[in-house]
Amino acid sequence: IGGIMEHIEEAGIHSGDSSTVLPPYLVESDHLDTIRDYTRRIAKGLSVKGLLNVQYAIRDGVVYVLEANPRASRTVPFVSKATAVPLVKVAIRVMLGESLSSLGLPDELPVPAVSVKVPVFPFVKFAGVDTLLGPEMKSTGEVMGIGRDFGRAFAKGQVAAGQRVPTSGTAFLSVNDNDKAALADVARRLTRLGFRLIATRGTAAYLRSAGLSAERVYKVNEGRPNVVDHIVSGKVDLIVNTPLGRESFYDEGAIRKTAILHGILAVTTLTGANATVAGIEALKKWTIEARSLQEIHSS
């Protein structure tokens with residue numbers, strides 16, 4: 001097994017648009033064992049000689065197989081750089097008749113550091129395009145961040161992708177009802193980092209009930225100054241905005257499009273928000289350093 005990569009965004013968002021981390025950082029060990037078992041059984045059942053890409057989803061403690069593709073994918077060069085093993089060359093030699101055991105490879109390739117793949121989006125070049133992620137792929141490239149821990153690797157990937165990651169200022173929060181329970185931890189961590197919190201009515205009320213200080217701001221159709229006015233005037237440094245439903249579609253689209261125009265980082269999933277906060281925490285503690293692949297794999 002070349003590597004098990006964990007998507008940071010939930011299933012339902014195109015795999016090419018999801019940031020991923022190698023090795024996994026949240027998946028439980030018994031689920032990883034199940035993934036290894038299923039992968040080997042699928043590969044043998046399909047009689048695959050070469051590369052195989054399998055996608056899984058985990059819900060309520062059950063591992064589901066989404067799809068199995070007997071081909072290479074964009075993640076092959078990523079995993080090759082993360083493990084220092086040229087997987088394409090290995091696959092070709094296997095296809096030509098050599099065995100994996102003769103190549104001296106372990107059952108699973110070791111990873112000396114945390115590697116994060118971050119998609120690159122063309123939103124800045126296309127005015128009016130919504131940044132909301134879904135099953136339709138929107139990214140046009142990807143970058144790689146490598147660090148000693150997840151936070152540093154993710155932060156380096158975000159910077160490489162052209163994102164301005166703030167380490168202080170004001171965070172605007174507006175999430176759907178399903179995300180509110182998990183938002184409190186994100187908001188609490190942002191508060192500890194020194195961020196001031198502003199939120200729409202429902203989200204602000206929930207944060208206050210959780211013991212957090214959050215100033216209420218108007219939605220676009222509720223009055224002035226509203227959240228878009230705050231973004232335009234430079235009073236917002238980070239946005240966490242998960243889909244709220246059909247009735248808020250116009251308001252959300254206006255927020256995200258304005259964020260693009262003004263270079264403000266807008267996160268549209270709560271898992272992405274958690275990863276972003278981990279990156280900010282790392283940036284507050286460490287200075288980003290560049291290291292070559294040779295240095296990483298020789299240390």
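It should be emphasised that the depicted structure is a prediction, and the values quoted were computed from it without experimental measurement.
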Could you check whether any side-chain heavy atom of [X] comes within less than 4.5 Å of a side-chain heavy atom of [Y], counting everything from C-beta outward?
X	Y	answer
Arg224	Tyr218	no
Val232	His262	yes
Pro23	Ile4	no
Arg216	Arg208	yes
Phe154	Thr276	yes
Thr268	Thr242	no
Leu173	Ile198	no
Glu67	Gln55	yes

Under 6.0 Å from the [atom1] atom of [X], do we count more than 12 heavy atoms belonging to anything else shown?
X	atom1	value
Arg36	CZ	yes
Arg189	CZ	yes
Met95	CE	no
Asp30	CG	yes
Glu136	CD	no
Arg71	CZ	yes
Lys284	NZ	yes

Answer with yes or no whether the hydrophobic clustering places [X] together with [Y]; edges join I, L, V, M, F, W, Y residues whose side-chain heavy atoms lie under 4.5 Å apart.
X	Y	value
Val165	Val143	no
Val21	Phe78	no
Val48	Ile1	yes
Ile280	Val118	no
Leu265	Leu283	yes

Nearest-0.5 Å distance that lies between atom CG in Leu96 and atom NZ in Lys49: 10.5 Å
Side-chain donor/acceptor of [X] to backbone N/O of [Y], under 3.5 Å:
X	Y	result
Ser174	Ala199	no
Thr170	Asp237	no
Asp179	Asn176	no
Tyr56	Thr39	yes
Glu295	Ser292	yes
Thr83	Val111	no
Glu6	Leu26	yes

List the atom of [X], the atom of [Y], and the distance in Å for their closest heavy-atom pair.
X	Y	result
Val63	Tyr38	O-CE2, 3.8 Å
Lys117	Ser15	NZ-O, 3.3 Å
Val94	Gly50	CG1-N, 4.3 Å
Phe195	Pro166	CZ-O, 3.7 Å
Ala153	Gly147	CB-N, 3.5 Å

Pair Asp177 + Lys180, salt bridge at N-O below 4.0 Å: yes
Charged N-O contact under 4.0 Å between Glu289 and Lys156: no
Distance-only donor-acceptor check, side chains Ser102 and Ser99, under 3.5 Å: yes
